[in-house]
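What follows is a set of notes on a single structure, which appears directly below.
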Amino acid sequence: MRTYWNINEKLTALKEWQPNCWIQVTCPSDEDQRELEERYHIPDYFLSDISDTDERARYEYDDGWMLIILRIPYVKEIRSRTPYTTVPLGIIHKRDVTITVCFFETNMMIDFVSYQQKRGVGFTDYVDMIFRLFYSSAVWYLKRLKQINALIEKAKHNLDHEVNNESLIGLSRLQDSLTYFITSIRGNENLLSKLKFKLQVDELDADLIEDVNIEMTQARETTNIYSDILESTMDTYSSIINNNMNTVMRTLTSVSIIMMFPTLIASLFGMNLINGMETNPWGFLIALTISVFVSGISWWILRLKRLL
């Protein structure tokens with residue numbers, strides 16, 4: 001889907017392309033890709049790179065085109081292996097053409113357009129737009145991190161009542177999401193540090209870059225904190241599971257030892273040999289009493305040594 005935006009005074013939608021407008025391409029179809037390649041002569045390999053979900057954050061120049069890939073947060077379906085991940089956003093610029101391409105529909109881009117319309121002010125130039133996209137991505141990383149933290153707390157609450165596989169698997173998936181986040185945020189930071197020396201930055205852009213750096217640093221540190229907390233939580237519950245397993249095995253072993261003595265006594269008196277109680281009418285009660293007595297002594301000793 002292609003959307004044309006006038007960015008000079010206020011972000012408003014246009015019916016067709018005009019010089020110095022912003023072309024937003026979301027979930028491009030084959031027709032959209034052909035339009036970009038044939039009309040604007042965008043390198044086809046770059047569109048292929050943007051479609052690769054593992055493409056790293058970077059920039060390059062090709063035939064006058066500035067080609068930038070920014071990693072932005074993205075939420076998958078709830079049943080996904082990693083519900084929170086990151087996807088590439090392509091930023092393409094050449095003279096009077098500015099294009100963004102994303103093969104996923106993200107809340108960040110929807111909010112970015114909505115926020116700029118509420119501001120009632122357009123972008124001063126393409127440099128301002130690029131750094132505002134960086135700023136928006138950092139803000140949305142922080143929003144998603146808050147959601148991840150809420151899920152972590154919910155899983156911990158469930159595990160406090162019952163250690164179950166579902167909650168542990170959920171924590172493991174959130175750990176994967178945090179790994180994606182920290183890798184992408186670091187890549188965006190490196191990209192930003194290079195772009196601010198490559199683009200024509202004015203005083204207003206410098207202030208915006210400082211704000212972006214602050215937000216990205218906060219997002220990176222928050223991700224590290226949550227990752228450390230989650231790793232510590234996983235280790236703690238792993239230790240609890242192992243401890244519970246050891247307790248169960250110790251109890252079963254102790255019960256087996258206690259039950260061994262009645263079995264041994266019954267086996268001795270049940271042998272087809274002369275033992276002095278073949279004709280004793282109290283033989284069964286005597287064997288039973290000895291078994292109970294020996295088992296009771298064994299139970300008392302194990303309790304004394306805290307093995308039960």
Side-chain angles (χ1 to χ4, degrees), residues 75-85 144-183 220-308:
V75 180
K76 294 182 180 179
E77 294 79 7
I78 193 65
R79 294 183 179 275
S80 172
R81 179 65 180 82
T82 50
Y84 293 86
T85 184
R144 296 307 186 193
L145 285 169
K146 289 181 180 179
Q147 295 175 1
I148 290 176
N149 185 50
L151 292 176
I152 292 174
E153 293 300 322
K154 180 180 178 181
K156 289 168 64 176
H157 178 75
N158 294 335
L159 288 170
D160 287 341
H161 291 82
E162 179 186 3
V163 179
N164 54 73
N165 292 337
E166 183 179 356
S167 297
L168 292 174
I169 292 174
L171 289 177
S172 176
R173 291 177 177 176
L174 292 176
Q175 181 68 59
D176 295 340
S177 297
L178 290 175
T179 301
Y180 283 118
F181 272 32
I182 190 62
T183 303
R220 172 171 46 80
E221 292 179 351
T222 302
T223 306
N224 285 327
I225 291 172
Y226 289 166
S227 181
D228 291 342
I229 291 174
L230 188 53
E231 184 177 356
S232 175
T233 301
M234 293 289 287
D235 290 341
T236 299
Y237 284 111
S238 177
S239 299
I240 292 174
I241 292 173
N242 291 332
N243 184 60
N244 291 340
M245 181 63 69
N246 291 335
T247 302
V248 171
M249 294 303 297
R250 184 179 62 187
T251 302
L252 290 176
T253 302
S254 300
V255 171
S256 298
I257 293 174
I258 294 173
M259 297 301 296
M260 177 189 69
F261 293 107
T263 304
L264 175 62
I265 294 171
S267 299
L268 291 175
F269 285 109
M271 291 182 179
N272 192 18
L273 298 172
I274 299 174
N275 53 36
M277 289 198 300
E278 293 84 355
T279 59
N280 192 331
W282 302 99
F284 175 75
L285 291 178
I286 292 173
L288 184 62
T289 302
I290 295 174
S291 298
V292 172
F293 178 75
V294 173
S295 298
I297 294 296
S298 303
W299 177 85
W300 179 76
I301 293 174
L302 293 174
R303 289 286 294 179
L304 190 64
K305 293 185 176 295
R306 298 179 182 274
L307 295 177
L308 270 176

### Message
For M260, is the CE atom crowded, meaning more than 12 foreign heavy atoms sit under 6.0 Å from it?
### Response
yes
Got [X] and [Y] here, is their nearest side-chain heavy-atom distance under 4.5 Å?
| X | Y | answer |
| --- | --- | --- |
| L174 | L178 | no |
| L151 | Y84 | yes |
| E153 | H157 | no |

Measuring from atom [atom1] of [X] to atom [atom2] of [Y], what distance do you get when rounded to the nearest 0.5 angstrom?
| X | Y | atom1 | atom2 | value |
| --- | --- | --- | --- | --- |
| L230 | D235 | CG | CG | 9.5 Å |
| I148 | T222 | CD1 | OG1 | 11.0 Å |
| T253 | I258 | OG1 | CD1 | 11.0 Å |
| L285 | I290 | CG | CD1 | 11.0 Å |
| I152 | Q147 | CD1 | CD | 12.0 Å |
| M249 | S256 | CE | OG | 8.5 Å |

Whether [X] side chain and [Y] backbone form a donor-acceptor pair below 3.5 Å:
| X | Y | result |
| --- | --- | --- |
| S295 | S291 | yes |
| N149 | L145 | no |
| S232 | D228 | no |

### Query
Please walk me through it: do I297 and I301 pass side-chain contact (heavy atoms from CB on, under 4.5 Å)?
CA-CA 6 Å; I297 294 296; I301 293 174; 3.9 Å; yes
Looking at every heavy atom in both [X] and [Y], which two are closest together, and how far apart are they?
| X | Y | answer |
| --- | --- | --- |
| Q175 | E231 | OE1-N, 3.7 Å |
| R173 | P83 | CB-CD, 4.2 Å |
| F181 | T85 | CE1-O, 3.5 Å |

